Amino acid sequence: MLFLYTLLFLVLIAAAIFAAPLRAKVWTALALTGAGALAASVRALGVLAGSTPEVLWRVSATPFGGDTGSMDPLSALFVVLISIGAVASVLYSRGYLAHTLASKSPAHVSLHYTSLTVMCYAMLGVVCSDGGFSFLFFWELMTVASFLLILYDAQRREVSRAALAYLIMMHIGFVLLVVGFVRLDAACGSATFDALGAYFHAQNPLPLFLVFLAGFGMKAGMFPMHVWLPEAHPAAPSHVSALMSGVMIKTGVYGILRTTAALGDLPVLHTAGVILLVLGIVTGVWGVLLAATQNDVKRLLAYSSIENIGVILLALGVAALGKSSGNQLVALCGIAGALLHTLNHSFFKSLLFFGAGNILSQVHTTSLDALGGLSKHMPLTSILFLTGTAAICALPPLNGFISELLIYLGLFDGIASGSGMLASAAGLAALALIGGVVVLAFTKLYGTVFLGAPRSHEVAEASEVDNLRIAAMALPLAGILFVGLFPETAVAGVTRAADFFLRTPADAADWLLSPTLSAAGRIAWLLIVITGILLWLRSRTLRGRRVAEGPTWGCGFTSPNVRMQYTGESFSEGLQSIATSLTQSSGEGSPVGKGEIFPDAHRFDIGHRDRIGRLFSAWWVELLRLINQRVMRLRTGKINHYVLFALAFLVLIFLLSLLNVI
Amino acid sequence: MALLNTLLLLLAALCIPGLINRTRALLAGRKGIRFAQHLYDVGLLLRKGAVYSPTTSVLFRMAPSVILATSLLAMLFIPVGDLRPLVSFEGDLVAFAYLLALGRGALILAAMDTGSSFEGMGASREALYGALVEPALMLTFGTLALLSGHTSFASIFEADATGDAKLLIVLLLAAYVLTKIVFTESGRVPVDDPRTHLELTMIHEVMCLDYCGVDLAYIKMSVWLKSAALSMLAADAVAAAVCPRWWFAAPLAVLLTGLSVGIVESTQARNKLVRNTTFILTITALAALIFFTGYLLRLNIGLQ
């Protein structure tokens with residue numbers, strides 16, 4: 001009955017949005033999403049504060065037997081994350097899509113908002129279902145809705161290509177999940193995550209674990225299945241990118257968390273921990289190196305999402321290793337770090353994608369080297385973006401620092417206490433490298449886009465966006481500041497969600513982490529206070545002295561122009577020269593030759609493509625295309641042929657069953 | 001005692017640049033500038049007004065305060081020998097590294113804010129070298145955590161390691177790597193040359209080209225504090241192996257950095273810029289090697 005009700009509900013949502021007048025569609029969607037998000041969050045916060053979880057729905061007679069939906073602390077944490085991301089995204093879309101409303105048909109806009117609303121509810125459904133058929137149902141609903149969302153600008157060729165690639169890759173992942181759940185159902189008679197725990201105890205757990213890891217990893221953007229991310233995010237409208245990158249890929253993380261927790265404390269948990277740690281390191285390092293070499297705001301942000309998924313997986317690996325070696329503190333730091341980083345990433349990545357949306361809608365480009373000096377024209381956006389930048393670089397006093405501090409603490413404790421020393425050291429070096437290169441990537445992003453002088457007249461004429469969009473960005477900003485400045489309170493909720501993995505009372509967990517967290521909170525405040533005092537001293541010193549204006553020092557060159565500023569490409573050139581083996585550089589046009597003393601106009605574009613992405617344009621894709629072409633001959637369009645095919649199929653089945661093959 | 005600790009660190013921060021200058025002068029056979037000349041220079045800067053480029057924004061004006069605040073705060077974590085620092089908690093190693101990263105990020109953005117291609121060039125180099133040196137720093141901290149079994153600076157250096165010959169070697173090696181990190185982080189030869197006159201080849205200096213007055217003074221002070229904090233860590237590692245007392249560690253930090261930087265700057269040319277990445281990656285490899293040595297030794301100790 002659940003599915004019937006859900007479908008009925010979907011029809012109602014669609015009807016409400018389609019019936020609303022063009023300008024009011026966004027408000028209808030906002031009301032529908034907001035109501036659901038509010039109801040779900042209130043319940044979720046109750047669960048996180050300690051009330052007992054309850055069963056939300058119970059279905060029977062699905063292909064996998066019955067399953068239920070309930071909200072335990074882990075689900076509750078993800079519900080909060082999804083609710084904030086979803087409401088902010090719908091709110092943001094009002095201003096972002098306003099200028100496109102005239103050029104799109106009302107049905108097109110309605111479809112977009114229907115998908116947006118459905119997507120939010122589907123994600124809530126995913127994290128609340130206990131596995132089995134309802135999980136897959138919501139999972140697929142989420143995929144289809146996000147596919148439709150990417151297609152908002154479907155007339156652009158690269159958008160439809162990216163959306164199609166996304167759809168195909170998601171379904172490869174979906175098939176893996178179906179295989180996993182069918183195997184589970186065949187062995188245990190039920191396909192919930194609880195049954196998964198029983199299965200892992202009864203049989204060899206590793207194959208099924210890997211199948212689930214691959215299936216969920218596809219959604220999360222785990223290496224080497226991350227290639228859809230940097231294509232889909234730039235193609236989608238910015239509020240959709242924010243929703244997908246900030247929130248949707250976290251459902252993949254949710255699946256991986258559930259699967260890993262189902263391993264209990266079997267000996268194989270150690271192997272799983274090593275696998276997760278290595279995958280985390282590779283995903284993180286790959287993501288961040290590619291991010292640092294990108295020259296497009298949205299592509300850079302997309303690669304940085306991959307990097308953050310890597311950090312989360314790394315933390316989960318630390319947790320698994322700690323738990324398998326019986327080191328409670330390491331396990332706690334790892335899992336709390338993973339969960340908090342999941343939450344944190346949803347905050348700052350939504351904020352940054354909204355910022356990218358502001359740039360795109362005001363300047364009509366996201367190419368780094370065409371921007372510059374935006375902080376003077378879009379002051380609010382620039383402050384918000386700077387906060388997001390500092391948070392994603394894990395700099396104190398913001399939220400990213402708290403989660404990375406927990407992960408580092410887990411690694412250091414692993415080393416100090418002598419459990420999994422080499423694995424911890426590998427994680428430590430990788431996380432430090434990731435942290436360092438993230439600073440490079442994001443100072444490049446912020447520095448080229450917002451600082452310096454405008455590189456084109458469009459930038460010089462840009463103006464700030466409407467207040468509603470700023471309000472939408474303030475929502476994740478509040479999360480960033482709250483976690484950064486009050487880490488103890490924030491982590492208390494997260495450790496309750498960590499129970500599913502650790503199976504220890506949350507109070508003990510709070511007690512273990514509390515000295516570090518309270519110190520981190522104090523440091524954040526202290527930093528703000530000291531900076532304030534120094535600023536005051538500075539203005540006191542300058543009082544009564546001559547403060548003049550003069551041009552930037554040109555090092556003796558007297559007529560510099562704005563095109564001579566250091567570009568994003570040159571900023572990351574040093575790193576690029578080390579990481580050549582990871583990327584494939586492409587140059588279009590002709591560079592200025594050495595012999596040209598008085599060069600005329602040249603056009604030269606440099607791009608850096610992912611080597612893994614190239615696998616998807618290799619010979620085997622061509623082969624598949626050829627086979628597909630042959631098979632297409634069967635599609636004649638004549639009804640009599642199709643009847644013949646149906647007949648042939650029936651005969652085939654008949655013959656096979658006669659021969660006892662099926 | 002914690003206040004004495006902070007005072008000693010501040011004193012070391014003020015002495016190190018002076019000792020470097022005196023060492024250099026002595027080795028070059030010059031009369032040289034007086035020991036406290038750098039203090040007079042900063043005093044002069046503090047009495048000056050300021051000139052700002054119209055390209056810059058508020059960020060450019062706020063950055064020096066942020067940078068100095070991070071160095072000041074990071075310094076509070078560092079113990080001097082057996083004294084307890086003002087701030088100490090499990091994981092302060094990480095907070096220390098990330099505070100320095102915040103200072104670095106602020107300076108990079110401030111440099112980008114001027115819109116000068118030279119400053120962008122310096123910012124790009126600083127970002128790259130900063131990113132590459134991070135794993136070396138963390139691995140060295142990891143080695144210290146491995147040897148002592150603790151995860152905060154104070155408890156790491158409280159554990160008395162004198163008398164254990166095996167630990168002594170690893171601690172001295174860790175101190176060696178930390179000294180190399182001091183060279184990189186405070187922009188000294190062979191990575192960067194503070195005396196260079198050509199903007200094209202500068203790193204740290206070119207990033208503060210457009211600063212003057214109190215802002216430049218803040219940046220200079222933050223560099224002193226940062227290198228004093230890192231030198232004190234190196235000195236602590238040596239002290240832990242030889243004589244874990246504050247009256248040993250504090251002068252050692254000044255001598256270690258003052259003399260080694262002075263000698264290297266008098267005898268060696270700076271690297272070609274492309275060689276810098278190799279130089280820093282070598283430090284990282286060395287740090288990894290030292291960690292591994294510590295790991296093997298610890299396994300061996302566990303067996304007995």
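All values derive from a computational prediction rather than experimental measurement. Letters A, B, ... are given to chains in the order of the sequence lines, protein chains preceding strands, and every chain is numbered from 1.
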### Task
Test Phe571(A) against Ile108(B) for side chain to side chain contact (heavy atoms under 4.5 Å, CB included), laying out the working first.
CA-CA 11 Å; Phe571(A) 192 85; Ile108(B) 292 170; 3.9 Å; yes
Please determine, among [options], the option with the most heavy-atom pairs under 4.5 Å with chain A.
options                                    : result
Leu273(B), Val87(B), Leu93(B), Leu72(B)    : Leu93(B)
Met121(B), Glu90(B), Glu134(B)             : Met121(B)
Phe60(B), Phe291(B), Phe292(B)             : Phe291(B)
Leu139(B), Leu200(B), Leu281(B), Asn276(B) : Leu139(B)
Arg61(B), Glu119(B), Arg104(B)             : Arg61(B)
Ala127(B), Ala97(B), Ala101(B)             : Ala127(B)

Point-to-point distance, once rounded to the nearest 0.5 Å, from [atom1] of [X] to [atom2] of [Y]:
X         : Y         : atom1 : atom2 : result
Thr70(B)  : Ile523(A) : OG1   : CD1   : 12.0 Å
Tyr98(B)  : Glu404(A) : OH    : CD    : 4.5 Å
Thr56(B)  : Lys376(A) : OG1   : NZ    : 6.5 Å
Leu329(A) : Thr151(B) : CG    : OG1   : 8.0 Å
Ser375(A) : Asp113(B) : OG    : CG    : 6.0 Å
Leu433(A) : Leu132(B) : CG    : CG    : 7.0 Å

Which answer fits [X], side chain, backbone, both or neither, if we ask what part of it has an atom under 4.5 Å from a heavy atom of chain B?
X         : answer
Pro551(A) : backbone
Cys333(A) : neither
Thr516(A) : both
Leu527(A) : both
Phe412(A) : both

Does any N or O in the side chain of [X] come within less than 3.5 Å of the main-chain N or O of [Y], such that one atom is a donor and the other an acceptor?
X         : Y         : answer
Arg545(A) : Ala50(B)  : no
Tyr218(B) : Leu534(A) : yes
Ser116(B) : Thr552(A) : no
Lys444(A) : Ser124(B) : no

For each of [options], tally heavy-atom pairs with chain B at distances under 4.5 Å, and name the one with the top tally.
options                                    : value
Ala390(A), Pro379(A), Gly436(A)            : Gly436(A)
Leu409(A), Leu535(A), Leu431(A)            : Leu535(A)
Leu428(A), Val439(A), Val529(A)            : Leu428(A)
Val437(A), Leu542(A), Leu386(A), Ile434(A) : Leu542(A)
Ser417(A), Ala394(A), Ser382(A)            : Ala394(A)

### Task
Might you work through the side chain to side chain contact (heavy atoms under 4.5 Å, CB included) test for Thr443(A) and Met112(B), ending with a clear yes or no?
CA-CA 9 Å; Thr443(A) 46; Met112(B) 302 283 281; 5.9 Å; no
